[in-house]
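What follows is a set of notes on a single structure, which appears directly below.
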Amino acid sequence: MGREIKSKVLEKLKELEKTSLPRSIELYIRLTRLQLEARSTVRIEEAHLSRDAVSERVGLGVPSLSFDEMALDWVKVESLLRQALSIISQYSPSVDPQNNIPLRETVRSWYNSKSIPYNGMDRDILAVAVHTAVKPFLAEWSEVLLPMVSQEQWRRGYCPVCGGAPNFAYLDQEQGARWLCCPRCDAEWLFKRLECPFCANEEQKELGFFADEEGGYKVYFCESCKGYIKAVDLRKEDRNVLVPLEWVSTLDLDVQACERGYRAGVMVKQINIEGNI
């Protein structure tokens, strides 16, 4: 996410906070603000991966960044995690922001899409807090590494930078090509229109979509894995679309998708960031 877009997103988030919102959306907005504001204080080491090294990993279907290569500032991660838990505790009183958490083990498990160690806290809540704490670093790494990724060579259902599963997509203005968006590091990558990003199903009779009344927003679904992903068609949206905010502004489409028997897509294949699929 470029500096200009980040500034616009922060401005929009501040506007939204002044309105009356459902508590779940209010929480999402506050955590997103924490992530974005933290990015100005985050510094990453100079990327030691060459373009050739990234290209080699892309050719093998391996995301560019392994957990150990992030070289996280653990003091900063700890601080952001506690701030996130403090915010969450205002909506879920049972959450103790000072809960004893094995930080490195927990973050490693989250990054590698493995079960987070149980420490008396709801794992889903802890995963949200970890996401909030680590995303500023991942987003900075994404800006460095994504330009080294050949979009034509990747075309996979998971992020070429961090291996995360996409949670949103957009159709570009030029050709209507579909781009997937990673919620973990904000990377965007080119993907087929007629393929499920979660189970790689390409049977056209099992793939479909429905759209809102104006046709600007679509929900792509798969009958094989019952997963879905929302998308905005930039060819039909005249306004200035801020992709990072589109997920929360289209929650009504999630309701419609769930009512039709679909669920937010999850990866059928777990990606091992260390090098195997």
Side-chain angles (χ1 to χ4, degrees), residues 24 27-28 31-32 34-35 57 60-74 76-89 91-139 141-142 156-168 180-187 196-200 222 224-229 247 254 258 262-277:
S24 59
L27 172 59
Y28 173 84
L31 292 176
T32 302
L34 177 61
Q35 296 167 14
R57 293 186 184 186
L60 294 172
V62 177
S64 303
L65 187 66
S66 71
F67 174 78
D68 291 323
E69 288 168 335
M70 275 195 290
L72 292 169
D73 178 344
W74 289 106
K76 173 67 71 174
V77 172
E78 173 83 20
S79 174
L80 288 171
L81 179 68
R82 298 301 173 184
Q83 290 179 65
L85 288 173
S86 179
I87 293 172
I88 293 170
S89 70
Y91 300 82
S92 299
S94 62
V95 173
D96 179 6
Q98 301 307 317
N99 197 311
N100 184 29
I101 298 169
L103 187 61
R104 298 194 185 208
E105 181 184 358
T106 299
V107 175
R108 181 185 291 273
S109 296
W110 170 83
Y111 187 73
N112 289 330
S113 302
K114 296 179 180 178
S115 179
I116 290 178
Y118 180 71
N119 67 335
M121 184 182 296
D122 182 280
R123 286 189 174 95
D124 290 337
I125 289 177
L126 184 54
V128 170
V130 171
H131 172 98
T132 302
V134 180
K135 181 167 182 177
F137 296 91
L138 280 177
W141 274 111
S142 180
R156 297 175 185 270
Y158 49 93
C159 177
V161 174
C162 74
N167 75 334
F168 202 78
L180 303 182
C181 307
C182 177
R184 302 207 307 178
C185 71
D186 287 338
C196 174
F198 307 110
C199 70
C222 173
S224 178
C225 69
K226 291 295 181 180
Y228 75 86
I229 187 169
W247 179 85
D254 292 280
C258 290
Y262 305 106
R263 61 178 182 174
V266 294
M267 299 303 298
V268 174
K269 290 184 178 180
Q270 291 298 313
I271 310 304
N272 183 335
I273 310 301
E274 302 303 330
N276 299 309
I277 299 179

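Computed from a predicted structure; not experimentally measured. Counting begins at 1 with the first residue of the sequence.
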- Counting N and O atoms only, with roles assigned by atom type, does the side chain of Arg57 sit under 3.5 Å from a partner on the main chain of Ser64, one being a donor and the other an acceptor? yes
- With sequence neighbours left out, what residues match Ser224 under side-chain contact (heavy atoms from CB on, under 4.5 Å)? Cys199, Asn201, Glu206, Cys222
- Item | Candidates Pro63, Pro166, Cys185 - the one meeting side-chain contact (heavy atoms from CB on, under 4.5 Å) with Cys159 | Cys185
- Note on the structure: Interatomic distance, NZ@Lys135 vs CG@Leu31, rounded to 0.5 Å, equals 11.0 Å
- Item | Spacing of Leu126 atom CG and Ser109 atom OG [to the nearest 0.5 Å] | 10.0 Å
- OH of Tyr28 to OG1 of Thr132, rounded to nearest 0.5 Å, is 10.0 Å
- Task: Look at the side chain of Ser142 and the backbone N and O of Leu138, then say whether any donor-acceptor pair between them is shorter than 3.5 Å.
- Result: no
- What closest approach, in Å, do Leu60 and Arg156 show between heavy atoms, and which atom pair accounts for it? C-NH2, 4.3 Å
- Over 60° means perpendicular and under 30° means parallel, so classify the ring planes of Trp110 and His131, tilted if in between. perpendicular
- What is the minimum heavy-atom distance between Met70 and Val134, and which atoms define it? SD-CG1, 4.3 Å
- Query: Just wondering, do Leu180 and Ile229 contact through their side chains at under 4.5 Å, heavy atoms?
  - Reply: yes
- Query: Is there a side-chain hydrogen bond (donor to acceptor under 3.5 Å, both in side chains) between Gln83 and Ser79 once you walk through the steps?
  - Reply: CA-CA 6 Å; Gln83 290 179 65; Ser79 174; 3.2 Å; yes
- At what distance, to the nearest 0.5 angstrom, does CZ of Phe198 lie from NZ of Lys226? 15.0 Å
- Message: For the backbone of Lys114 and the side chain of Asn112, can you confirm whether one donor and one acceptor N or O come within less than 3.5 Å of each other?
- Response: no
- Query: Would you call Leu85 and Ile101 a side-chain contact if the rule is heavy atoms closer than 4.5 Å?
  - Reply: yes
- Which distance, rounded to the nearest 0.5 Å, do you find between the CG of Asn99 and the CZ of Arg82? 7.0 Å
- Query: When rounded to the nearest 0.5 angstrom, what is the spacing between OG in Ser113 and CZ in Arg184?
  - Reply: 5.0 Å
- Does the side chain of Leu34 come within less than 4.5 Å of Leu80's, by heavy atoms? yes
- Run the side chain to side chain contact (heavy atoms under 4.5 Å, CB included) check on Asn100 and Asn119 step by step: do they pass? CA-CA 7 Å; Asn100 184 29; Asn119 67 335; over 6 Å; no
- Query: Are any non-hydrogen side-chain atoms of Asp68 and Arg108 less than 4.5 angstrom apart?
  - Reply: yes
- State, to 0.1 Å, how close Leu65 and Tyr111 come at their nearest heavy-atom pair, and which atoms those are. O-OH, 2.6 Å
- Please report the shortest heavy-atom distance between Cys182 and Gly164, naming the atom on each side. SG-CA, 4.3 Å
- On a heavy-atom basis, the closest approach of Tyr228 and Cys258 is OH-SG, 4.4 Å
